[in-house]
Engineer: 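Before anything else, here's the structure in question.
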Amino acid sequence: MPASKMPTLPVIDFSPYVDPNSTEASKQVVAHEIDRACREVGFFYLSNHGVDTSLMQQMIENARTFFDTVSDDEKDAIKIKPAGDGVGDLSRGFQRVDGGAKGSHEAVDIFRPVDNSAGPPYEIGLGENQWPTVPKNFREVSERYVDGLLTLATQLMRVIAMGLGVDEQLFLSRIDKSFWNLRVLGYKATNPEETTPTVSGIGEHTDFGILTLLLTDPQKNSLQVWSKSCEWMAADPIPGCFVINLGDMLSKWTNGIYVSTKHRVLHNSSKARISVPFFFDPNMDAHISPVLPLDGSAREDEGLLYREKFLRAMQYTVVTDPNYSCTT
Ligand SMILES: O=C(O)CCC(=O)C(=O)O
Ligand SMILES: [Fe+2]
């Protein structure tokens with residue numbers, strides 16, 4: 001298909017929710033646009049979202065400094081460790097994923113802090129974050145960034161409820177202690193001249209949680225989204241915007257009205273790529289069953305808890321998938 005005919009992701013201007021002088025009518029227009037994108041594409045760009053663009057820039061710079069300058073030994077010092085028999089929790093820290101269905105990349109995973117005063121040992125997901133110490137302000141900048149994104153994600157959940165035509169607060173009791181995950185990702189540079197060029201990327205998948213707010217460096221042709229016309233389309237970064245996509249939990253909550261769309265990363269460039277997805281996930285004790293159609297309280301206690309979903313996903317990923325390696 002010629003490039004001009006390729007489908008593209010919608011760009012939604014969020015300023016009516018940031019500007020205190022905006023009208024109700026302009027907010028409704030945005031809610032409607034988001035609703036449409038969530039039904040039809042499961043992905044959209046968000047501009048004028050209120051998160052400080054210099055903070056976004058600083059996150060990318062810090063991630064690049066970490067991946068470019070820290071030695072393998074230092075990375076391994078904060079690597080994800082097994083749960084249950086030491087200080088690890090199988091989830092928090094650095095990992096290197098080398099090939100197979102999951103692609104090839106490095107990541108540092110930080111999760112919502114939890115009360116872990118009973119440990120160590122820790123249960124899966126319930127340990128201490130292992131923060132990089134290079135650059136020195138990595139943690140401080142990340143914490144400010146997470147605060148900004150939690151505010152934005154909560155606002156988005158109100159707007160999503162408005163777009164669905166239901167009580168603006170519908171989702172709030174399920175997300176007010178979101179088990180979020182900040183993932184700082186590095187994709188190595190590749191050399192297309194090699195006879196078997198290295199593939200740097202992430203295999204096709206849907207995201208697991210509610211919303212992903214994605215920040216990447218400016219490089220193009222890496223992130224691809226599966227389109228309705230059944231082909232991969234590029235989701236190149238737009239300066240200052242987030243790429244927002246829906247995860248499986250929101251699709252479930254909306255009874256499949258909203259779609260979690262598959263995507264992948266194929267990075268082929270002489271420059272390493274940095275991306276920072278923020279996975280906004282449900283409260284650990286939120287039930288994962290449809291909250292739409294809206295017969296309210298009767299559905300409150302149905303379905304597995306998010307905690308159970310998370311544990312199953314972690315066990316599946318780490319125990320069942322032979323290509324997965326979080327300890328190398
Ligand atoms: O790096 C990207 O652009 C996307 C990463 C992604 O899809 C993920 O971590 O789930
Ligand atoms: Fe993803």
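Order of appearance sets the numbers: ligands from 1, and atoms from 1 within every ligand. Please read all numbers here as calculations on a predicted model, not as lab measurements.
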Engineer: What angle, in degrees and rounded to 10°, do you get at the Fe ion (ligand 2) when you join it to NE2 of H205 and to OD1 of D207?
Structural biologist: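 The NE2/OD1 angle about the Fe ion (ligand 2) sits at 90°.
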Engineer: Main chain of D285, side chain of N283: is a donor-acceptor contact present, judged purely on distance under 3.5 Å?
Structural biologist: no
Engineer: Determine, for R96 against D76, whether the closest basic-nitrogen to carboxylate-oxygen distance falls under 4.0 angstrom.
Structural biologist: yes
Engineer: Compute the centroid of each ring, for F111 and then for W180, and state whether the two points are separated by less than 6.0 Å.
Structural biologist: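 Here the rings of W180 and F111 have centres that are no less than 6.0 Å from each other.
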Engineer: Which atoms of ligand 1 have any heavy atom of F279 under 4.0 Å away?
Structural biologist: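 With F279 as reference, the close atoms of ligand 1 come out as 8 (C), 9 (O), 10 (O).
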Engineer: Give the numbers and elements of all ligand 1 atoms closer than 4.0 Å to a heavy atom of H263.
Structural biologist: 7 (O)
Engineer: Specify the protein heavy atom at minimum distance from atom 4 (C) of ligand 1: its residue, its atom name, and the distance to 0.1 Å.
Structural biologist: V265 CG2, 3.7 Å
Engineer: Indicate whether any N or O donor in one side chain lies under 3.5 Å from an N or O acceptor in the other, for Q57 and E61.
Structural biologist: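 Checked: Q57/E61 side chains pair up, N/O donor to acceptor below 3.5 Å.
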Engineer: Just to confirm my output: which protein heavy-atom neighbour is closest to atom 10 (O) of ligand 1, and how far is it?
Structural biologist: H205 NE2, 2.9 Å
Engineer: Counting only heavy atoms closer than 4.0 Å, does ligand 1 sit against the backbone of L185, its side chain, both, or neither?
Structural biologist: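 Side chain only.
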Engineer: Looking only at protein heavy atoms, which one is nearest to atom 3 (O) of ligand 1, and what is the separation?
Structural biologist: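 Answer, as residue, atom name and distance: R273 NH2, 2.9 Å.
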Engineer: Do the side chains of D109 and R92 get close enough for a salt bridge, i.e. N-O under 4.0 angstrom?
Structural biologist: no
Engineer: Below a 4.0 angstrom heavy-atom separation, can you tell me which part of V243, side chain or backbone, both or neither, approaches ligand 1?
Structural biologist: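 No part of V243 is near ligand 1 at this cut-off.
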Engineer: I need the atoms of ligand 1 closer than 4.0 Å to a non-hydrogen atom of S275, numbered in the order shown.
Structural biologist: 1 (O), 2 (C)
Engineer: Tell me, which protein residue and heavy-atom name are nearest atom 5 (C) of ligand 1, and how many Å apart are they?
Structural biologist: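 Protein heavy atom with the smallest distance to atom 5 (C) of ligand 1: Y187 OH, 3.6 Å.
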Engineer: Considering just N/O/S atoms, say which atom of H263 is closest to the Fe ion (ligand 2).
Structural biologist: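 Looking at H263, the N, O or S atom with the least distance to the Fe ion (ligand 2) is NE2.
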Engineer: Taking all non-hydrogen atoms of both residues, which atom of T216 and which atom of I60 are closest, and how far apart?
Structural biologist: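 Nearest pair, atom of T216 first, then I60: C-CD1, 3.6 Å.
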Engineer: Is the shortest side-chain N to carboxylate O distance from R312 to E308 below 4.0 Å?
Structural biologist: no
Engineer: Suppose we call two aromatic rings close when their centres sit under 6.0 Å apart. Are F179 and F310 close by that rule?
Structural biologist: yes
Engineer: Give the atoms of ligand 1, by number and element, whose distance to some non-hydrogen atom of P277 is under 4.0 Å.
Structural biologist: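 Taking each heavy atom of P277 in turn, ligand 1 has 9 (O) under 4.0 Å.
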